[in-house]
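Below: the structure, in structure tokens.
Every chain is numbered from 1 and lettered A, B, ... according to where its sequence line falls, protein lines coming before strand lines. For clarity, every value in this text was computed on a predicted model and none was experimentally measured. Heavy-atom basis, side chains included; hydrogens, waters and symmetry copies ignored.
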Amino acid sequence: MATVQVSEAEKVYILHGIRDDLRVDGRGCEDYRHMEIETDVVSNTDGSAKVTLGHTAVLVGIKADIGKPRPLVPNEGYLEFFVDCSANATPEFEGRGGEELGTELSNTLYKVFNNKHSVDLKSLCICPGEHCWVLYVDVLLLQCDGNLYDAISIAIKAALFNTKIPRVRISTDEEGGKEIELSDDPYDCMRLNVENVPCIVTLCKVGHRHVVDATLQEKACSVASLIISVTHKGTVTCTRKVGGGSLDPESIFEMTEAGKRVGKALHAPLMKVLQQEEHLGKKKQKVGFLG
Amino acid sequence: MPTDTKRVRGPEVSQSPSLLLCRPPVVLPSQGPRADGRQRDQVDVRPVFVRCGLVSQAKGSAYIEAGNTKLMCCVYGPRETERKDETDMKCGRLTTDMRFAPFSCPERGSWIQGSQDKDFSLMLHESLQPAVCLHKYPRSQIEVNVMVLENSGSVLAHAITCASLALADAGIEMYDLVLGCSIRQDGASCVVDPSYMEENYCSSASSENQGGLTVAFLPSLNQISGLQSDGEMTEEILTAGVRTCIEGCYKLYPVIQQALAKAVRKAAPPPSES
């Protein structure tokens with residue numbers, strides 16, 4: 001992760017502020033920064049979204065390919081995640097520098113979606129045992145200013161909402177082989193139900209309190225963070241402690257409860273914003289990348 | 001995707017014969033005693049066998065067996081580190097590596113480190129780092145290598161215990177031993193220290209609360225140094241699970257301490273009273 005150097009005096013300042021529920025930019029301990037979400041930004045994908053959270057910018061593109069289902073689950077499709085840390089974000093990511101961070105992020109995403117309810121995988125099946133839809137979720141980090149997990153999970157939820165999977169028809173030809181036909185109408189497509197897709201909340205332990213959506217300076221003052229992924233019902237799909245410090249069991253219980261509260265409250269406004277954007281349709285103002 | 005360019009492999013389409021079994025998939029019962037006779041919903045960890053100092057070339061080593069799970073860990077260091085970043089001047093660096101032998105799981109794995117192996121190595125690193133006094137080893141590097149010989153469930157938890165034992169055997173200064181414990185939540189009941197079957201084959205058809213949780217704990221400091229969960233659980237079940245894992249770690253603590261004391265006594269026998 002891109003790091004900033006923070007002096008001891010600055011650390012004490014940030015610590016004392018957080019102790020009194022006042023962060024450097026005036027937020028409370030459980031407030032997010034200004035978030036902008038835009039979907040359908042890349043026309044070559046089946047679904048895409050761009051999320052800007054403060055100075056962190058993340059772009060997600062989803063492409064649906066037809067592939068062979070996994071041997072153990074022949075009547076389900078699957079998702080493949082890949083996170084690329086672009087060298088645009090910081091010079092540390094040049095060449096293979098960002099690979100470690102990218103692998104860590106991808107592995108966490110696999111764990112977050114590793115349950116039966118987040119995405120309905122059975123709807124991605126075309127022909128059991130032979131063909132299924134594989135959704136390749138590719139995440140690109142454009143700018144790095146802390147709190148990558150949250151931004152990535154919101155972008156993935158928005159991109160999955162925006163994904164349009166074309167409808168296919170299976171027909172058998174003379175020899176009994178199966179042929180797949182894509183419908184000609186580009187608007188005849190299947191949409192995914194993203195109600196149960198979880199959102200990740202990162203809580204950083206700073207001093208004796210925890211903060212949500214930490215900037216890089218606040219991260220430099222914390223020893224450990226807890227990542228918790230929460231669905232709209234409040235079910236926790238993945239938790240993970242990151243960082244080189246240890247946490248008290250009581251802090252972990254407190255942080256889990258706070259994470260669940262914040263995560264649960266994130267879903268309703270997010271779905272509303274996505275549905276509003278969808279309704280605007282052609283009248284939507286495209287902001288793009290330079291807005 | 002990493003590919004193996006050094007070996008001549010057979011055709012790519014080899015599969016494990018277990019996929020062609022005619023039997024319906026194993027469905028484990030969700031009530032009653034577990035397959036190996038242990039109890040549900042109680043802190044019933046498998047008895048462990050630990051021994052330190054098995055690898056003569058390594059600075060410190062440990063071997064742990066819990067049920068059929070067998071792992072060994074070697075520690076090398078502190079050694080001089082090549083990279084002279086500023087961070088290395090003040091404190092040492094800990095590198096961890098966890099690998100599975102290809103024959104360790106029921107389906108053959110590969111020698112190339114997959115992303116799951118890297119994930120385990122990272123978890124191991126995060127769990128061990130708070131416990132090691134790295135500031136006492138500036139400009140040095142300590143390497144921890146764990147090799148899983150047989151995977152019969154709960155591998156990460158036992159790897160954490162084994163690695164901290166090996167670090168202690170190597171004489172690396174630590175604040176406390178790190179012990180690992182894992183549970184699997186299955187509907188309304190939880191099983192502590194799950195076996196491979198219990199981890200991978202979800203038993204009941206109930207869709208609520210299916211998941212696994214691994215906790216790394218420092219007993220005498222009462223600190224959690226590593227936490228990882230997946231699957232779906234409510235927050236209350238997660239909290240109860242963390243408490244259960246902490247209890248499991250306390251149960252394991254005296255056994256590990258005894259093994260370490262025995263190894264130290266064997267290496268340097270106390271002067272005989274005469």
Side-chain angles (χ1 to χ4, degrees), chain A residues 3 5 70-74 80-82 99-104 106-108 110-118 196 198 223-231 233-261 263-264, chain B residues 1 15-16 18-20 25 86-87 91 94 107 114-116 118-120 122-123 125-132 134 175-176 178 200 202 207-218 221-239 241-243 245-246:
Chain A
T3 46
Q5 306 279 24
R70 296 223 166 102
L72 288 171
V73 273
E80 291 271 4
F81 294 96
F82 182 69
E99 206 178 292
E100 222 180 87
L101 180 61
T103 336
E104 191 189 325
S106 322
N107 283 333
T108 311
Y110 275 114
K111 277 212 198 72
V112 166
F113 283 85
N114 182 23
N115 57 68
K116 290 194 263 230
H117 296 130
S118 297
N196 283 325
V223 286
S225 326
L226 189 70
I227 291 171
I228 173 166
S229 108
V230 190
T231 62
K233 288 198 204 116
T235 351
V236 174
T237 61
C238 170
T239 56
R240 205 185 148 128
K241 174 233 147 213
V242 286
S246 61
L247 294 167
D248 226 51
E250 289 309 318
S251 317
I252 294 212
F253 299 148
E254 239 176 62
M255 283 158 72
T256 324
E257 206 207 294
K260 174 186 156 190
R261 206 175 351 125
K264 220 169 151 177
Chain B
M1 281 280 293
Q15 319 170 333
S16 161
S18 59
L19 297 169
L20 305 167
E86 207 190 271
T87 43
C91 62
L94 181 72
E107 282 90 33
S115 55
Q116 211 206 14
K118 289 211 183 80
D119 195 32
F120 278 143
L122 189 63
M123 271 296 300
H125 184 262
E126 279 170 2
S127 307
L128 292 174
Q129 204 179 356
V132 180
L134 287 172
Y175 292 112
D176 192 7
V178 190
N200 293 34
C202 57
S207 42
E208 275 293 309
N209 292 328
Q210 289 273 345
L213 169 68
T214 306
V215 171
F217 188 61
L218 284 78
L221 297 173
N222 195 31
Q223 294 274 308
I224 291 182
S225 66
L227 172 70
Q228 174 188 285
S229 88
D230 67 355
E232 297 179 275
M233 288 185 269
T234 56
E235 187 232 328
E236 292 81 23
I237 303 277
L238 187 68
T239 321
V242 174
R243 283 191 227 270
C245 283
I246 293 181

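- For chain B, the nearby part of Lys260(A) is the side chain; its heavy atoms alone come within less than 4.5 Å.
- With a 4.5 angstrom heavy-atom cutoff, Ile224(B) touches chain A via backbone and side-chain atoms both.
- A distance of 9.0 Å separates SG of Cys238(A) from CE of Met233(B), quoted to the nearest 0.5 Å.
- Neither the backbone nor the side chain of Glu100(A) comes within contact range of chain B; no heavy atoms are under 4.5 Å apart.
- Note that CD of Gln228(B) is 8.5 Å distant from OG1 of Thr108(A), once rounded to the nearest 0.5 Å.
- Ranking Thr235(A), Val236(A), Asn115(A) against chain B, the residue ahead of the rest is Val236(A), based on heavy-atom pairs under 4.5 Å.
- A distance of 6.5 Å separates CD1 of Ile228(A) from CG of Leu238(B), quoted to the nearest 0.5 Å.
- Looking only at heavy-atom pairs under 4.5 Å with chain A, the residue among Gly226(B), Gly211(B), Ser229(B) that has the most is Ser229(B).
- When heavy atoms are compared at a cutoff of 4.5 Å, Leu226(A) approaches chain B solely by way of its side chain, counted from C-beta outward.
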Donor-acceptor contacts under 3.5 Å from residues 240-254 of chain A side chains, at least two apart:
unit_1: Arg240(A); atom_1: NH1; unit_2: Asp119(B); atom_2: OD1; d: 3.1
unit_1: Lys241(A); atom_1: NZ; unit_2: Gly243(A); atom_2: O; d: 3.0
unit_1: Lys241(A); atom_1: NZ; unit_2: Gly245(A); atom_2: O; d: 2.9
unit_1: Lys241(A); atom_1: NZ; unit_2: Glu126(B); atom_2: O; d: 3.2
unit_1: Lys241(A); atom_1: NZ; unit_2: Ser225(B); atom_2: O; d: 2.7
unit_1: Ser246(A); atom_1: OG; unit_2: Gln223(B); atom_2: OE1; d: 2.8
unit_1: Asp248(A); atom_1: OD1; unit_2: Gln223(B); atom_2: NE2; d: 2.8

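- When each of Leu227(B), Thr234(B), Ile246(B), Leu122(B) is checked for heavy-atom pairs under 4.5 Å with chain A, Leu227(B) comes out on top.
- Neither the backbone nor the side chain of Leu221(B) has a heavy atom closer than 4.5 Å to any heavy atom of chain A.
- With rounding to the nearest 0.5 Å, the separation of CD in Gln210(B) from OG1 in Thr237(A) is 14.0 Å.
- Evaluation of the side-chain contact (heavy atoms from CB on, under 4.5 Å) rule for Asn196(A) yields His117(A), His232(A), Lys233(A) as partners, not counting sequence neighbours.
- Paired with Glu235(B) under the rule side chain to side chain contact (heavy atoms under 4.5 Å, CB included), one option of Glu257(A), Lys264(A), Arg261(A) passes, and it is Glu257(A).
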